A.B. asks: 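Have a look at the structure that comes next, please.
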Amino acid sequence: MIIDQEEHFRFWEQASIRDIHVERAILAKGERALFTMQSSSFFCIKRGNLLVLLNQKTYSIHPFEVIHAPSKSLFEVNAGSDGAEYILISYKAERQSTSGDEPLFVDEHKDPTHITYRVTLAQPMMLYEIADRMLETQQQEGPSVPLQLKASFYQWVYHMVEQYYLQSPVVKTASPVELVIQTLEYLLQNYAKPHTLDSLAGVMGRSPGHLSNCFKQVLNRGPIDCLIRLRMQKAYKLLAETKLPLRVIASSIGYQDAYYFSNAFKKYSGISPQMYRKQIKEEDVISLAGRNHIVGFPDPCYIPFYDNDNYYQYLDGGSDEMVKNIKRVPMALLMAFGLLLSACSGGSSGNTGAATGDGSTAQSKAPASQVNSSSDINTNENVQATTRIVNTSMGEVEVPANPQRVVTDFFLGHILALNVKPVGSNGVFMQNPYLEGKVSGIEDISDNLEAITGLNPDLIVTGNAKSYDAYSKIAPTVFLDNSAPVRDQVKELGVILGKEAEASAWLTDFEQKVTSAKDSLSSIIKEGETVTVFDGGLSKEITLYGNAHTGRTIHGELDLPMNENVIRSIDPKVGWATISNELAGSYAGDYIFMAVDAKAESFDYASDPVWGTLDAVKDNELYEIDGYKFYFSDPISVMGQIQDIVDMMEERALENSKK
């Protein structure tokens with residue numbers, strides 16, 4: 001951002017704020033939303049990962065992030081595999097003078113309401129609480145509501161701006177082990193508080209999925225399982241050493257009443273709290289396993305863990321990599337959570353390892369994220385690794401000659417097209433319908449630095465210039481322009497990945513299929529006829545596309561001609577325009593492609609007073625396409641989109657010929 005902190009705060013202090021409006025939206029898996037913001041707005045992600053197309057720039061947004069957009073911004077929002085929830089806070093701000101007639105900002109580019117910027121929140125829960133309070137206030141009635149709403153808005157702005165300037169230029173990359181240690185230390189001090197995976201992830205400033213994955217990589221169990229273990233260790237001690245009633249013990253370790261505590265205790269240990277207490281008192285029936293929770297290891301199982309690596313064979317399974325990770329966790333923490341006792345305790349239900357015939361615990365398979373599933377990668381460890389120098393827009397970069405653990409944020413489909421399977425990518429791209437069946441085993445990393453670090457990549461391919469420096473600290477990183485023509489991207493990736501032959505073969509196949517598709521469509525679309533691409537159905541405002549975004553394949557690759565009014569009205573650098581539904585007739589071609597949410601929308605155009613008059617509707621030449629599928633621009637998707645268009649138009653031509 002160009003504005004410094006002092007100017008930013010001064011603007012909000014002196015600006016006149018009005019028309020504050022807050023709304024919450026929930027998107028289902030893979031759902032898509034398209035809207036134009038008439039006012040400046042804050043876009044806050046509460047749950048899930050979203051791919052946001054904002055004014056022709058793509059952003060991968062995850063929880064604990066806020067993005068600010070100026071008025072008249074076009075949002076296209078695509079939810080990931082778990083759906084998403086977001087809050088929009090829109091407002092109008094009028095600039096005022098600082099003294100006399102001197103304007104506060106002469107340069108509009110220094111006006112914070114006219115700038116797009118992104119904030120990674122260090123304290124997200126505070127802003128979420130303010131947003132929820134604004135939603136509640138907005139639903140009330142009374143003369144004080146606007147004032148209450150404005151007061152909350154100023155609180156929001158203060159905390160948001162403060163966190164923007166406090167955030168580091170590069171987000172700190174905590175390793176999975178470091179994150180697990182931090183979380184365990186937090187739980188050790190706060191085990192009596194109510195926790196869920198979401199709330200715990202919020203406290204740690206991570207997404208629930210990332211926090212859970214880190215725990216499984218390091219400890220082979222989730223954070224809530226560790227919390228239960230800690231509570232049970234505390235319960236064993238209180239039951240054995242005190243006469244406190246169960247309701248007091250339950251409350252002190254985080255259970256709402258004795259009933260829930262008793263059920264949890266029995267599920268964990270196999271006996272009720274009362275029975276456990278009885279066994280402790282009756283020395284003649286004490287079980288050795290019961291004692292282990294209190295007095296530690298019996299002699300046969302004792303090994304000096306502080307200087308003997310063999311001790312880790314007694315942990316619950318895990319790969320060699322997991323054992324290395326566990327070694328880095330302080331022993332005191334592992335013992336406090338009962339993570340060293342389970343292998344010797346003779347069958348606690350918390351033990352996830354499988355017992356072998358000799359009484360030891362079988363190790364589990366390595367996490368999927370640690371296995372490279374690329375079919376074309378040489379996995380012979382005796383082959384000496386070499387590197388190459390490639391020229392990129394960021395300068396020369398030294399990359400592996402044969403990268404084995406590729407991570408990418410935007411170029412999943414491109415890399416798969418070259419027969420390389422990345423180990424990590426953005427979850428939203430993994431939901432691409434055209435990539436179905438091709439992404440199993442790939443980890444969802446969004447643009448989370450910790451998740452990327454945890455995958456130990458040897459090459460990162462990014463379309464986000466702002467993340468380039470941060471990614472480069474993790475592994476060799478190459479930047480590609482995500483708006484470049486797909487052919488250029490494939491060629492460049494072929495060089496970067498050492499897959500020039502595969503890239504050449506793909507380009508040859510692509511050109512052949514494009515030529516074949518054009519030949520098929522030439523018998524349907526006659527010379528002089530035009531095609532128009534809309535988005536929005538029968539909404540009051542719809543989007544008109546040129547040779548970009550949803551129109552990229554239709555007008556770009558297939559060269560289907562645009563209506564003259566479309567050519568005149570759309571800035572090629574922008575690629576789209578918003579128009580009133582009532583003006584559709586001025587832009588409608590002989591054939592219309594209407595992008596909709598295919599899972600939830602379909603419109604009766606013939607009965608509409610505007611659309612029903614259009615020749616394309618009368619001639620049954622309006623085609624509803626899935627806007628979500630046509631959002632993607634990778635080689636595999638473009639090829640799929642081309643085939644979908646051809647199939648759709650050929651089927652309709654056959655249908656119309658029978659009338």
Side-chain angles (χ1 to χ4, degrees), residues 21-38 41 43-54 58-61 73-88 90 135 426-436 439 532-545 549-554 576 578-582 584 588 592-612 614 616-617 620-633 637 640-641 644-645 647-648 651-652:
H21 179 73
V22 188
E23 60 181 277
R24 173 189 282 122
I26 298 176
L27 298 180
K29 173 182 177 181
E31 193 174 351
R32 168 177 172 270
L34 179 74
F35 48 92
T36 303
M37 295 305 302
Q38 298 303 319
S41 59
F43 185 84
C44 175
I45 310 301
K46 289 199 69 175
R47 176 178 60 82
N49 296 316
L50 286 173
L51 196 65
V52 177
L53 185 66
L54 172 59
T58 304
Y59 300 86
S60 173
I61 310 293
S73 292
L74 176 70
F75 274 98
E76 184 171 333
V77 183
N78 295 275
S81 58
D82 299 322
E85 178 182 353
Y86 63 85
I87 291 177
L88 273 175
S90 58
L135 279 166
N426 190 307
V428 175
F429 289 100
M430 290 162 62
Q431 296 302 313
N432 180 349
Y434 291 112
L435 301 185
E436 187 175 357
V439 299
T532 304
V533 183
F534 291 109
D535 192 316
L538 298 181
S539 305
K540 290 181 63 177
E541 286 190 340
I542 56 176
T543 301
L544 179 67
Y545 285 110
H549 309 305
T550 304
R552 183 188 296 109
T553 297
I554 296 170
W576 58 271
T578 301
I579 64 170
S580 167
N581 198 313
E582 298 172 352
I592 294 174
F593 289 95
M594 177 65 75
V596 298
D597 181 353
K599 294 181 180 179
E601 295 178 329
S602 185
F603 299 93
D604 182 4
Y605 302 93
S607 300
D608 184 82
V610 174
W611 290 85
L614 304 183
V617 175
N620 195 28
E621 297 293 357
L622 186 150
Y623 303 82
E624 285 189 333
I625 58 176
D626 187 341
Y628 181 66
K629 291 178 70 174
F630 275 73
Y631 171 82
F632 299 98
S633 59
S637 297
Q641 291 160 6
D644 284 349
I645 293 297
D647 291 346
M648 195 179 297
E651 182 180 342
R652 187 69 61 83

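Below, each value reflects all heavy atoms present in this structure, side chains not excepted, and no hydrogens, waters or symmetry copies. We number each residue from 1, following the sequence as shown. All values reported here derive from a predicted model rather than from experimental measurement.
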A.B. asks: Taking ring-ring contact (aromatic ring centres under 6.0 Å, His included) as the test, write out the residues that go with Y86, two or more places apart.
C.D. replies: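 Per chain and number, Y86 pairs via ring-ring contact (aromatic ring centres under 6.0 Å, His included) with F43.
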A.B. asks: If we ignore angles and hydrogens, is there a donor and acceptor under 3.5 Å between the side chains of Y623 and E651?
C.D. replies: no
A.B. asks: Kindly compute the distance separating OG1 (T578) from CG (D535), expressed to the nearest 0.5 Å.
C.D. replies: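 If we round to the nearest 0.5 Å, T578:OG1 and D535:CG are 10.0 Å apart.
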A.B. asks: Answer yes or no: is there a side-chain heavy-atom contact under 4.5 Å between T550 and W576?
C.D. replies: no
A.B. asks: Could you tell me the separation between the CG atom of L538 and the OG atom of S602, rounded to the nearest 0.5 Å?
C.D. replies: 9.5 Å
A.B. asks: So, for A33 and L27, which heavy atoms are closest and what is the spacing to 0.1 Å?
C.D. replies: CB-CD2, 4.3 Å
A.B. asks: Check whether any side-chain heavy atom of L614 lies under 4.5 Å from a side-chain heavy atom of L622, and answer yes or no.
C.D. replies: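 Side chain of L614 against side chain of L622, heavy atoms only: no contact under 4.5 Å found.
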A.B. asks: Would a 4.5 Å heavy-atom cut-off, applied to side chains only, mark T553 and F593 as touching?
C.D. replies: no
A.B. asks: Distance check, rounded to the nearest 0.5 Å: Y434 atom OH versus F429 atom CZ?
C.D. replies: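 So the gap between those two atoms works out to 15.0 Å.
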A.B. asks: Examine distances only and state if a side-chain atom of S539 and a backbone atom of G536 form a donor-acceptor pair shorter than 3.5 Å.
C.D. replies: yes
A.B. asks: For the residue pair A79 and A28, what are the closest heavy atoms and their distance?
C.D. replies: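 Taking every non-hydrogen atom into account, CB-O, 3.5 Å.
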A.B. asks: Should K599 and Y628 count as side-chain neighbours, where that means a heavy-atom distance under 4.5 Å?
C.D. replies: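 Result no, sub-4.5 Å side-chain heavy-atom pair not found.
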A.B. asks: Is the shortest heavy-atom distance from the side chain of I625 to the side chain of M648 under 4.5 Å?
C.D. replies: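 Yes, at least one pair of side-chain atoms sits under 4.5 Å.
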A.B. asks: What heavy-atom pair brings V617 and G612 nearest, and what distance separates the two atoms?
C.D. replies: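 Scanning both residues, the minimum pair turns out to be CG1-CA, 4.4 Å.
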A.B. asks: What pair of heavy atoms forms the shortest contact from I542 to A584, and how long is it?
C.D. replies: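 Taking I542 first and A584 second, the nearest heavy atoms are CD1-CB, 4.3 Å.
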A.B. asks: Where the side chain of Q641 meets the backbone of F632, is there a donor-acceptor pair that is under 3.5 Å apart?
C.D. replies: yes
A.B. asks: Go through the side-chain N and O atoms of W611 and N581 and say whether any donor and acceptor fall under 3.5 Å apart.
C.D. replies: yes
A.B. asks: Can E621 and R652 be said to form a salt bridge (Lys or Arg N to Asp or Glu O under 4.0 Å), step by step?
C.D. replies: CA-CA 8 Å; E621 297 293 357; R652 187 69 61 83; 5.1 Å; no
A.B. asks: To the nearest 0.5 Å, what is the distance between CD (E541) and OG (S580)?
C.D. replies: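 It comes to 7.0 Å.
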A.B. asks: Can you tell me how far apart NE2 (H21) and CG (L135) are? Round to the nearest 0.5 Å.
C.D. replies: 9.0 Å
A.B. asks: Taking all atoms of both residues into account, what is the closest heavy-atom pair of N432 and S637, and its distance?
C.D. replies: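 Taking every non-hydrogen atom into account, ND2-OG, 2.6 Å.
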A.B. asks: Looking at every heavy atom in both K629 and P433, which two are closest together, and how far apart are they?
C.D. replies: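 Looking at all heavy atoms of both residues, the shortest contact is CG-CG, 3.7 Å.
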A.B. asks: What's the separation between atom CG in D608 and atom CZ in F603, rounded to the nearest 0.5 Å?
C.D. replies: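 Reported value, rounded in 0.5 Å steps: 10.5 Å.
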